[in-house]
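Values below: all heavy atoms of this structure, side chains included; hydrogens, waters and symmetry mates excluded. Bear in mind that the values here come from a model prediction, so they are computed numbers and not experimental data. Chain identifiers are assigned alphabetically (A, B, ...) following the order of the sequence lines, protein sequences preceding nucleic acid strands; residue numbering begins at 1 within each chain.
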Protein chains: 2
Amino acid sequence: MSKGEATRAAILDCALALSKQIGLEALSIGMLAERLSMSKSGVFAHFGAKEELQIAVLEEAQARFTEQVVRPALGAPRGLTRLRTLFTRWMEYSAASGEPGGCLLIQAAAEFDDKPGAVRDCLVRGQRQWREALSRAVAMCVERGELAADADCEQLAFEIFGLALAAHHDVRLFGEQAGRARALRGLERLLAACAA
Amino acid sequence: MSKGEATRAAILDCALALSKQIGLEALSIGMLAERLSMSKSGVFAHFGAKEELQIAVLEEAQARFTEQVVRPALGAPRGLTRLRTLFTRWMEYSAASGEPGGCLLIQAAAEFDDKPGAVRDCLVRGQRQWREALSRAVAMCVERGELAADADCEQLAFEIFGLALAAHHDVRLFGEQAGRARALRGLERLLAACAA
DNA sequence: AAAATAAACGAACGGTCGTTCTTTGTCAAT
DNA sequence: ATTGACAAAGAACGACCGTTCGTTTATTTT
């Protein structure tokens, strides 16, 4: 790993932490430079444009999401077990205790939902992939007979997504940690209602 | 209504439309002045500080929410009918077709969930009130025997909130109008599962 | 060790930001 | 007609923004 790559990684790490708190748009190169004890131009040179920086941060966030949520669940057996793993990992990721700031992806979704451009495109792509992965995890439960054969996988994925959003909302805005437990209860109710 | 009051109302109306698209933080006084064919200082004078403007916009948004969602539902009979009215009005409000921009309150929740201050406080207050109103609407269903006596009202309000968030997410980010129908289906499933 | 490449710096640019202050209109009551 | 309060304009402020450019320092390759 060359020095340039190492610096770029350090910048991205800092930028990710920062934008989780203040958003991708409010993230500024000057601020980043100060935190890293670098010059503005030094930071800037690694990306060439602010939009490229935002995209790089977003892709890093999505990569980490995959790493921390999707990949561990692939180790769990298909079906309900995997679906539950996916969800609990998701809860842990989106409200990682200790460090400040919530889930960058949810934040970015609200920030860029009306702002056309490459950043939005990147986000939409990632979110669609994630939703499909979730939908597939539900479909596996149906295939294995753990959920009713007539269950609507996309509808279920939609509702599970809503539970996660609600948990994020409660934890972040109200500071109610109970939101996570609520979401888990919601998931169980959902699965029970669709049990085979 | 004095001239000053009229101008202030016009500013707020424009500011509300603008911040629904770009957010409360990105909303700038210069931009507002240009759209209204006014001077920056002329706009500024009505609020004295940007934070005051943000709070005024937020309170206006909350007032309109109450007007367009809560109040019409109070005209519906208590119980399931009122709860359904509340939800459908909510769907219509949060993704009002025609005009650009989504629900300012959801946007602001993501934007200010890690930004302490008067704006956040105002938002949290409003969101708590709304959640409680929702919870009370559920409780009325239980009281009237339309939902099971052991139903957890706050849990149900939490899950209903999640459905609305998911609908907003899908409509705004994916442009899938079907999100609203999905949310309605989710609500019906929820109510059916808790039927007395 | 020398040459070539990469990385970071520092200064400057045009712009926009929120904010302040002074001045100019514009009505209403006297 | 005069005064006085209010509304808006206009110019200026320091601060920060993203970006460009030329220079200097590190690192790598020959």
Side-chain angles (χ1 to χ4, degrees), chain A residues 1-19 21-60 108 111-112 115-120 122, chain B residues 1-60 107-108 111-112 115-120 122:
Chain A
M1 183 153 160
S2 74
K3 176 145 166 53
E5 285 168 346
T7 306
R8 191 189 146 104
I11 295 174
L12 277 183
D13 194 68
C14 184
L16 195 56
L18 211 53
S19 53
Q21 298 179 64
I22 63 174
L24 267 178
E25 208 62 67
L27 176 70
S28 89
I29 294 172
M31 214 169 177
L32 221 39
E34 199 183 358
R35 290 216 177 191
L36 291 158
S37 300
M38 283 181 67
S39 65
K40 264 194 346 174
S41 49
V43 173
F44 180 86
H46 281 271
F47 304 94
K50 182 175 182 184
E51 192 178 38
E52 292 302 318
L53 167 64
Q54 291 176 320
I55 292 173
V57 171
L58 200 48
E59 277 176 345
E60 175 70 20
E111 208 170 349
F112 285 89
K115 212 172 293 175
V119 182
R120 199 193 118 104
C122 175
Chain B
M1 182 149 151
S2 75
K3 178 151 163 53
E5 285 169 346
T7 307
R8 192 190 145 103
I11 296 173
L12 277 183
D13 193 66
C14 182
L16 195 56
L18 211 53
S19 53
K20 278 196 335 185
Q21 298 180 65
I22 63 175
L24 267 177
E25 208 62 68
L27 176 69
S28 89
I29 294 172
M31 213 169 179
L32 221 40
E34 200 183 356
R35 290 214 178 191
L36 291 159
S37 300
M38 283 181 67
S39 66
K40 261 187 6 169
S41 50
V43 173
F44 181 86
H46 282 271
F47 304 94
K50 181 174 183 186
E51 192 178 37
E52 292 301 318
L53 167 64
Q54 291 176 320
I55 292 173
V57 171
L58 200 49
E59 277 176 344
E60 174 70 19
Q107 165 135 1
E111 208 170 351
F112 285 89
K115 210 171 294 177
V119 182
R120 199 193 118 104
C122 175

Worksheet item: If you measure from CG on Leu32(B) to NZ on Lys50(B), what distance do you get to the nearest 0.5 Å?
Response: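 Spacing of CG (Leu32(B)) from NZ (Lys50(B)) equals 10.0 Å.
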Item to complete: Output the distance between atom OG (Ser19(A)) and atom CD (Glu60(A)), rounded to the nearest 0.5 Å.
Response: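 One finds 10.5 Å between OG of Ser19(A) and CD of Glu60(A).
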Side-chain heavy atoms of [X] within contact of [Y], under 4.5 Å:
X: Met31(A); Y: Ile22(A); value: yes
X: Glu111(A); Y: Val119(A); value: no
X: Gln54(A); Y: Phe112(A); value: yes

Fill in: Heavy-atom pair of closest approach, residues Cys122(A) and Leu58(A)
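Nearest pair, atom of Cys122(A) first, then Leu58(A): SG-CD2, 4.1 Å.
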Discussion item. For a quick test of reading the model: is some side-chain N or O of His46(A) closer than 4.0 Å to OP1 or OP2 of dA8(C)?
Written reply: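 True: His46(A) side-chain N/O within range (under 4.0 Å) of dA8(C) OP1/OP2.
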Discussion item. Base contacts versus sugar-phosphate-only contacts with protein, heavy atoms under 4.0 Å: please encode nucleotides 10-26 of chain C as B, S and - from 5' to 3'.
Written reply: B------BBBB------
Fill in: For chain B, the stretch of DNA chain D it reaches, first to last nucleotide, under 4.0 Å of its heavy atoms
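Nucleotide range in contact with chain B: dA7(D) to dG10(D).
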Worksheet item: Per the end-axis method with five pairs at each terminus, what is the bend angle of the helix from dA1(C)-dT30(D) to dT30(C)-dA1(D), to 10°?
Response: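 So the angle between the two local helix axes works out to 0°.
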Fill in: Pair listing, salt bridge (Lys or Arg N to Asp or Glu O under 4.0 Å) test, anchored in residues 21-36 of chain B, at least two apart
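Every pair satisfying salt bridge (Lys or Arg N to Asp or Glu O under 4.0 Å) with a residue in residues 21-36 of chain B: Glu25(B)-Lys115(B).
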Worksheet item: Considering residues at least two apart in sequence or located in another chain, which fulfil the side chain to side chain contact (heavy atoms under 4.5 Å, CB included) criterion with Ala9(A)?
Response: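 Ala9(A): side chain to side chain contact (heavy atoms under 4.5 Å, CB included) contacts with Met1(A).
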Worksheet item: Which residues satisfy the side chain to side chain contact (heavy atoms under 4.5 Å, CB included) test with Phe47(B), sequence neighbours excluded?
Response: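 Partners of Phe47(B) by the side chain to side chain contact (heavy atoms under 4.5 Å, CB included) criterion, ordered by chain and then number, come out as Arg8(B), Ile11(B), Leu12(B), Glu52(B), Leu53(B), Ala56(B).
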Worksheet item: What integer distance in Å separates Arg8(A):CZ from dA8(C):P?
Response: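 Interatomic distance, CZ of Arg8(A) to P of dA8(C): 12 Å.
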Discussion item. Applying salt bridge (charged side-chain N to carboxylate O under 4.0 Å, His left out), can you list everything that pairs with Lys3(B), at least two apart in sequence or on another chain?
Written reply: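 With neighbours one apart ignored, the set is empty.
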